[in-house]
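Predicted model, so just to flag it, every value in this text is computed and none were measured. In what follows, every heavy atom counts, from backbone to side chain, and hydrogens, waters and symmetry copies are set aside.
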Amino acid sequence: MPKRHGTNPPRLTRLAACLLGGATLGLTVQAQTAPDNKTTSEAKTLDSVVITGIRASLESALNAKRQDKGIVDVIKAEDIAKFPDTNLAESLQRVPGVVIDRDAGEGRNITVRGLGADFTRVRINGIEALATTGGTDSSGGANRSRGFDFNVFAAELFNSITVRKSASADVDEGSLGATVDLQAARPFDFNKRVITGSVKARYNDLSGSTDPRLAFLVSDTFAGKTFGLLVSGAYSKRKLNEEGFSTVRWDNGASSGGWCAPTGVANNPTTSTATTCGPAAQGVPRLTGNADTIAAYNAASSVNNFHPRLPRYGRLTHDQDRLGLTAAAQWRPNDATLVSLDVLYSKLDATRQEDFLQAISFSRTATQGGKPQTSVVNTSYDANGALQFGQYNGVDIRAESRFDKLSTAFTQPSLTLEHEFSDTVRVSAKVGRADSKFRNPIQTTTTLDALNVNGYTLDFRGNSRLPLIGFPFDPAASSGNPLALVGVPQVATGTQPTTIPNTTSSEIRIRPQGANNRNDVAQVDLAWDLVPSKLTLRGGGNYKQYKFDTYEFRRVNQNDTIFAPAAGTSAASLTTLLSGFGKGLDLPAGTPTAWSIPNLSAIAAAYDIYCNCIKSGPAGGPGDFTLSSTTNGNARGNNRRVTETDTGAFAMLDFDQRFMDMPVRGNVGVRYVKTEQSSTGYQAAAGGTEVTVPNTYDDVLPSLNIAANITRDFIVRFGAAKVMARPQLGNLNPGGTISTTGTLSITSGNPTLKPFRAKTYDSSLEYYFGRNAFIGMGLFRKDIDTYIQSLRTNIAFKETGLPQSLLPSNFTGDEVFQVTTPINTPGGKLTGIELNYQQPFTFLPSWGKNFGTVLNYTYVKSKITYLVSPTSNATIVDDLLNMSPKSWNATLYYDDGKFSARVSAAKRSAFLTRVPGQNNNDVEGKNGSLNVDASISYKVNDKLDITLEGVNLTNEANDQFISRARNSPVVYHVTGREFLLGARYKF
């Protein structure tokens, strides 16, 4: 309560820094004994002591774990630079049941007990927040979901993270997995003036760059410790390369119109002549039919045999600048009142350059000059249908470069009032706003192309993740290199075509976009001690208004084509060279390590691509660089907004009693919430008609938490609750989007979706068998009553009922589109077990007693019945999305008070990201990962610490797959090892 914030040291309740290890953690704690056989209110309070190091934080964490009524884990540090990981998500992965997903080698999202980012709520300083960034396409792209991107914030900005795994009535609804509370430091957290700073140098062995990481904190109290001010900040720069192989999924032989048939076989495509693949105007010759070429064609054409859609090697260059600032003011006018003002600001600025050398024919139709113009010279497949080797003629080769400029600005002011009306009645009130603005003002893709190349080879026989790709030309050559800007011919009379018939020419894609998330929150909680220290009645209400909107612009020319460079423009001046590729990979001998790429700045100047105007030719043609949004079929779906107004109230009884001579504590309560939702999008009619659809639903959510001391050292816990999570934002769109480039697709939303709903059951057994020694087992089950999945079917565009005017002029309507829409479906059961073991090796002699270990293991099982298509009853029974059935963490540490070290490993097994999979596949997902980190810290004196850290020491790959049976690679990228050397000084 407010009066307990005086000069007494702060209690580190719910502390679980033990789960993390790390560089020296300075913790001021008030130690307490566990409940004895008399009453928990008689717990003996010891004098405050100052303890430091890994062992101290482990001991504090166990004490807090014993005292808590629910099932929570907490990471806490005294001030800056004390989290054992440089990224919040990477710290959270040490918590049992928590696994993370990475983007650019850095933790971005978390999954708790098998439930992904959309099912996890995040509060900052007590205010629900949603921070979003822009990632690579393979990592989900720009975040327009409810999942929180932890990479927006520096770890140094916060002094505690709480993971609430069990639900209670006083915690806001919206989570099926967990509620994560991030708390920034406040001046009354410290007993004296604190001025401290840290500096680190980060080195990445793949990019070869060394970047700074700085942080500071200043805190003091005034006027007899009735007023306090705190300011902290953190800045870091991070530049790294990401390199590897990717495919943008796999598809079967019959897809995209099939392959060009050799002579002697029925024409494919039907427009083929006796000697050419497709119309004679393209001049792509058919192979001569013989036993070998016909056998290769038949094998490649089988619906059971699969090939990569866009096989490519690539480098992604990430450059990030992250700045974070916090300020806090606290005022305690008397022992009964405390007012806290918190302000948080974070800015993440980044650029990303993506460069690929790829074959594009295998994913494209006849009208795009794709597969039906490609002949199979020789091929072989595995028994499971995966391509092993292929040699092809008539392949379109592309050097593609994409440049993104990205930023996320997050601001959050919040005001908290705590007041005691009497010794038994108190109130806590909070108001605040969390505002996240994501901007991607430049997203530009340019390409160099070489059409209908003969002799292209793709060989997976030596390595299923890193194939040997053979080009019949040197893609890095300064002369004789066919990679060039292929423009649409400009006609002097008649209608100017926007494309080259039956050909994919070079493109300039311009797609600026952004997203806003705002949470306005007001809440009041009242507490009345019916029986002091034994029975407390609590109740309150809250109001939240959440606003989300997103926008995107694209070229009016939806084919993104261009004219040839102006006369007199040197082709060489519009290209540059990528070199030194493959440093972090074991590439097959002969793989290109350099190739020509577009020179974006030169192309932008030559074509004036950012003029938002018509430079030459007719409107909508190759010379039109005008942008449009809601009237643009390809951009329309990302122009939408959602407003949610949530009104809630709760009542809860906290108890701390004895039952059958056992101390029993916990809470029982109920929460009611009404959700009023308004979703706005744009339908295709009249070139983009705005549609707003309301939806309202309410939920009654009871909850129970019990913790019983069977003996002094053996605790049994149980929790049960009804929980809910609101639908994903993208699924609420009442409009839709159509893509006529790349994968032909149509996506529509469903604004009347019901929320996810579940019943949860949690229990744990905890045995504290010695000082700082603990073994525990947690059991959990979630009965998911309602689930949301996307149904997908492949049909010709003319069968969708949409107007032909939405298609580019070169489309006929016979093209097959992938049509997707979300629906509510029955859910399924999720069950799991967590095992925890922690022990210092005090039984060892001499310096061996300074060692210790922290281990945990989680197993989760869930089977969901996924519908495959709206036109059939076929189903797929498989794992819940983002759920790794197995995960574990292991930390071995050494701490003698002056020198400390730890090595930690985090393992998660493979998990699914999409069911059913795209392009005739059953599933898509990520293979398992094992990340190893280490740190060393040396305390020079009471003021100065020196640290050395190693991150991703095994250079673990981001390994994404498609198909359970084939486990075909979609992405196989590495980002390199990172090493940080730093110093921390406390004045």
Polar contact flag, side-chain donor to acceptor under 3.5 angstrom, [X]-[Y]:
X	Y	answer
R102	N931	yes
E243	H973	no
N967	R465	yes
T365	K371	no
E924	Q918	yes
S246	R312	yes
T351	D319	no
T626	D624	yes
N305	N252	no
S596	N481	yes
N143	R108	no
R511	Q443	no
Q353	D355	yes

For [X], what residues pass the side chain to side chain donor-acceptor pair (under 3.5 Å) criterion, not counting sequence neighbours?
X	answer
T447	D449
R555	none
T503	none

[Y]/[X] salt bridge by N-O under 4.0 Å criterion:
X	Y	value
R238	E978	yes
D321	K237	yes
E507	R398	yes
E354	R352	yes

(request) Would you check, one step at a time, whether the test ring pair (Phe, Tyr, Trp, His ring centres under 6.0 Å) holds for Y610 with F625? (result) CA-CA 7 Å; Y610 298 121; F625 292 96; 9.0 Å; no
Would you say [X]'s side chain and [Y]'s backbone share a donor-acceptor pair under 3.5 angstrom?
X	Y	value
N440	G514	no
Q391	V377	no
S272	G278	yes

(request) Check step by step if salt bridge (Lys or Arg N to Asp or Glu O under 4.0 Å) holds for E400 and R402. (result) CA-CA 7 Å; E400 177 178 307; R402 170 174 152 180; over 6 Å; no
Can you give me every donor-acceptor pair (side chain of residues 581-594, partner residue at least two apart or in another chain, under 3.5 Å) with its distance?
residue	atom	partner	partner atom	Å
K583	NZ	D205	O	2.8
T591	OG1	P588	O	2.8

For [X] and [Y], work out which heavy atoms get closest and say how close.
X	Y	result
P467	Y313	O-OH, 2.6 Å
I597	A399	CA-CB, 4.5 Å
P372	C260	O-CB, 3.2 Å

(message) Ring centres under 6.0 Å, that's the criterion: do F460 and W250 meet it?
(response)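 Distance test on ring centres: under 6.0 Å, yes.
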(message) For F245 and Y972, I'd like to know if the aromatic rings sit close, meaning centre-to-centre distance below 6.0 Å.
(response)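 For F245 and Y972, the ring centres are not under 6.0 Å apart.
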(message) Run the side-chain contact (heavy atoms from CB on, under 4.5 Å) test against D396 and tell me which residues pass, sequence neighbours left out.
(response)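 Partners of D396 by the side-chain contact (heavy atoms from CB on, under 4.5 Å) criterion, ordered by chain and then number, come out as I360, S361, L451, N452.
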(request) Look up atom OG in S464 and atom CG in L387, then write down how far apart they are to the nearest 0.5 Å. (result)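 One gets 12.0 Å once the value is rounded to the nearest 0.5 Å.
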(request) Look up atom CG in N920 and atom CZ in R249, then write down how far apart they are to the nearest 0.5 Å. (result)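 If I round to the nearest 0.5 Å, the distance is 11.0 Å.
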(request) Using ring-ring contact (aromatic ring centres under 6.0 Å, His included) as the criterion, list what pairs up with H307, not counting sequence neighbours. (result)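 Checked H307 against ring-ring contact (aromatic ring centres under 6.0 Å, His included); matches are W259, F362.
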